[in-house]
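Inspection log for the structure reproduced underneath, given as structure tokens.
Since the structure is predicted, the reported quantities are computational estimates derived from the model, not experimental observations.
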Amino acid sequence: MAELKNDCFLRALQGLPVPWTPVWMMRQAGRYLPEYRSSRTRAGSFLDLCKTPELACEVTLQPLERFPLDAAILFSDILTIPDALGLGLYFTEGEGPRFQQPLETEKDILDLPELQVERDLNYVLEAVRLIRSALAGKVPLIGFSGSPWTLACYMLQGGSSRDFRKIKTLMYQQPEVLELLLDKLSVAVSRYLNAQIAAGVQAVQIFDTWGGVLAHTEYQRFSLAFMHKVLAQLDRHHEGRKVPVILFSKGGGLWLEQMAMTGCDALGVDWTVHLGQARKQIAGRCALQGNLDPAVLYAEAPVIRQQVARVLAEYGAGSGHVFNLGHGIEQWVDPDRAKLMIDAVHELSIPYHQE
């Protein structure tokens with residue numbers, strides 16, 4: 001594999017000195033880019049786009065061709081694991097992901113097969129290998145998975161939800177059954193991420209999209225505990241380098257100290273969190289990633305620049321910060337506004353890294 005020309009992102013995750021604050025965007029390969037929409041049309045569907053390694057590679061690289069980003073992120077979906085376990089993932093316009101066979105009973109949970117990553121998700125691993133080759137060491141490649149709790153939410157609800165009625169009913173009526181499912185998923189997630197690492201990703205992020213819907217004690221028991229189990233099973237070194245792990249619980253600002261104690265390398269934070277306060281809370285235990293409100297990218301250039309400056313100032317001087325949005329970039333954003341943000345991060349962050 002080619003040597004990295006820009007390892008700023010990986011260095012920042014480890015708190016090592018960097019010349020500027022590195023930046024990437026969650027969902028950076030997505031519908032806001034006209035070239036992505038063209039690739040998706042050629043693929044025929046979102047799932048076909050994900051499951052065709054050459055096209056997944058193509059769309060992963062598209063934002064890197066437009067913007068001076070400091071990392072690429074594998075183009076895939078967090079629901080590849082439930083799909084591989086036989087639940088039958090499909091997408092409906094305006095409704096998002098759905099499953100043909102959601103989990104309905106305790107027997108459904110007991111009968112879930114073990115994930116065979118090389119067999120069932122080989123298209124993801126092939127995409128990783130193609131992307132690493134195509135990047136030729138330009139920037140690092142990030143792999144990812146949904147958290148066990150977030151995957152369980154979709155698998156029990158059958159898709160997205162506003163009230164999470166089914167999973168929360170199970171959680172309070174039969175917590176041991178839910179924990180059985182989460183145990184199975186923690187094994188699947190760790191296997192999946194380890195396979196991505198072996199295929200060539202250089203950092204991984206666990207997306208705990210629905211962690212924030214839990215009450216305080218339930219978050220510790222049903223979300224954080226199982227992310228901790230995943231981390232304990234991960235291969236944290238590959239190709240002579242550390243493979244940093246980022247945890248991102250949307251709505252998880254109340255639990256940063258507990259999250260940092262998992263041994264992760266960085267915490268992703270949404271836009272409700274003050275970075276300076278978060279930095280004090282975690283006291284150097286790990287790096288921070290975030291946290292511009294994605295809606296800022298609808299503003300004019302001076303406002304975008306002002307908001308970037310605010311986020312950088314909140315974190316302050318020194319390494320250990322990866323700039324990102326507080327959640328995924330939205331599909332209606334003008335790509336030129338994204339470039340304004342990225343350029344502002346690189347320019348305005350330099351003084352924070354000068355001794």
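- Salt-bridge check for K242 with D265: passed, with a basic side-chain N closer than 4.0 Å to an acidic carboxylate O.
- The environment of NZ in K107 is sparse: at most 12 heavy-atom neighbours from other residues, nucleotides or ligands sit within 6.0 Å.
- Inter-residue side-chain proximity for R285 and E257 is flagged as met; some heavy-atom pair is nearer than 4.5 Å.
- Side-chain contact between I109 and L170: present, with at least one pair of heavy atoms (C-beta onward) separated by less than 4.5 Å.
- In plain terms, the two heavy atoms of L79 and P97 that are nearest each other are CD1-CB, 3.4 Å.
- Note: W24 and F9 have perpendicular aromatic rings, judged against thresholds of 30 and 60 degrees for the angle between ring planes.
- D70 and H346 share a side-chain donor-acceptor pair at under 3.5 Å.
- Taking 4.5 Å as the limit, every side-chain heavy atom of L156 sits out of range of all side-chain heavy atoms of P102.
- For W149 and F226, the ring centers are positioned 6.0 Å apart or more.
- None of N324, L247, V269 except one satisfies the side-chain contact (heavy atoms from CB on, under 4.5 Å) rule with Q289; the exception is N324.
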When you look at Y192 and T80, which way does the side-chain hydrogen bond (donor to acceptor under 3.5 Å, both in side chains) test go after all the steps? CA-CA 10 Å; Y192 183 40; T80 50; 3.2 Å; yes
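- Minimum heavy-atom separation, G253 to V273: CA-CG2, 3.7 Å.
- Under a hydrophobic-cluster definition in which Ile, Leu, Val, Met, Phe, Trp and Tyr are linked whenever side-chain heavy atoms come within less than 4.5 Å, directly or via other members, I197 and L130 are assigned to different clusters.
- The shortest side-chain heavy-atom distance between Y352 and S319 does not fall under the 4.5 Å cut-off.
- The 12-atom threshold is not exceeded at CZ of R162, counting heavy atoms of other residues, nucleotides or ligands nearer than 6.0 Å.
- With hydrogens and angles ignored, the 3.5 Å screen pairs no side-chain donor or acceptor of R11 with any backbone N or O of V18.
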query: Under the side chain to side chain contact (heavy atoms under 4.5 Å, CB included) criterion, do R279 and E314 qualify, and how do the steps go?
result: CA-CA 9 Å; R279 190 179 186 184; E314 283 183 2; over 6 Å; no
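- Using a 4.5 Å heavy-atom threshold, the side chains of W20 and V345 count as separate.
- Considering only residues two or more places apart in sequence or on other chains, D83 meets the salt bridge (charged side-chain N to carboxylate O under 4.0 Å, His left out) condition with K51.
- P148 has its side chain within reach of S186: a pair of non-hydrogen atoms, C-beta onward, lies under 4.5 Å apart.
- Ion pair D163/K168 not flagged as a salt bridge, since none of the NZ, NE, NH1 or NH2 atoms sits closer than 4.0 Å to an Asp/Glu carboxylate oxygen.
- Aromatic rings of F99 and Y154 (six-membered ring for Trp) have centroids beyond the 6.0 Å cut-off, not under it.
- Residues W255 and H216 have side chains that bring a donor and an acceptor to within less than 3.5 angstrom of each other.
- A side-chain donor from one of T21 and H353 sits under 3.5 Å from a side-chain acceptor of the other.
- Counted by atom type alone, S147 and T150 present one or more donor-acceptor pairs between their side chains at under 3.5 Å.
- A salt bridge links R221 with E179: at least one charged nitrogen is closer than 4.0 Å to a carboxylate oxygen.
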Exercise for review: Begin from the C-alpha positions of E58 and R42 and carry the test salt bridge (Lys or Arg N to Asp or Glu O under 4.0 Å) through to its verdict.
Suggested key: CA-CA 12 Å; E58 178 181 300; R42 283 192 288 114; 2.3 Å; yes
**Asked** Please walk me through it: do S249 and Y219 pass side-chain hydrogen bond (donor to acceptor under 3.5 Å, both in side chains)?
**Response** CA-CA 10 Å; S249 279; Y219 175 78; 2.8 Å; yes
Notebook entry, point to check: What do the steps show when you test K229 against D183 for salt bridge (Lys or Arg N to Asp or Glu O under 4.0 Å), and what is the final call?
Noted result: CA-CA 8 Å; K229 285 190 176 188; D183 253 327; 2.8 Å; yes
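- Just one of V230, I81, I206 meets the side-chain contact (heavy atoms from CB on, under 4.5 Å) condition when paired with S145; it is I81.
- Closest approach of L69 to V139, counting heavy atoms only: O-CG1, 3.5 Å.
- Remark: aromatic rings of F46 and F75 are close, center separation under 6.0 Å.
- Every residue was checked against the side chain to side chain donor-acceptor pair (under 3.5 Å) condition with Q220, not counting sequence neighbours, and none meets it.
- The neighbour count for R37 CZ, taken as heavy atoms of other residues, nucleotides or ligands under 6.0 Å away, is above 12.
- Taking the charged nitrogens against the carboxylate oxygens, K184 and E114 have no contact shorter than 4.0 Å, which rules out a salt bridge.
- Counting all heavy atoms, side chain and backbone alike, A72 lies closest to L135 at CB-CD1, 4.1 Å.
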Handout entry: Steps toward salt bridge (Lys or Arg N to Asp or Glu O under 4.0 Å) verdict (R132, E239)
Key = CA-CA 13 Å; R132 273 296 303 273; E239 299 177 335; 3.1 Å; yes
**Report entry** Evaluation steps, side chain to side chain contact (heavy atoms under 4.5 Å, CB included), between M341 and M25
**Finding:** CA-CA 10 Å; M341 179 198 75; M25 298 180 292; 3.8 Å; yes
Does L231 form a side chain to side chain contact (heavy atoms under 4.5 Å, CB included) with C264? I'd like the steps, not just the answer.
CA-CA 7 Å; L231 262 77; C264 65; 3.8 Å; yes
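- The neighbour count for R31 CZ, taken as heavy atoms of other residues, nucleotides or ligands under 6.0 Å away, does not exceed 12.
- Using a 4.5 Å heavy-atom threshold, the side chains of L297 and E330 count as separate.
- Distance alone, capped at 3.5 Å, places no donor-acceptor pair between the T52 side chain and the L49 backbone.
- Side-chain polar atoms of Q28 and Q62 form no donor-acceptor pair below 3.5 angstrom.
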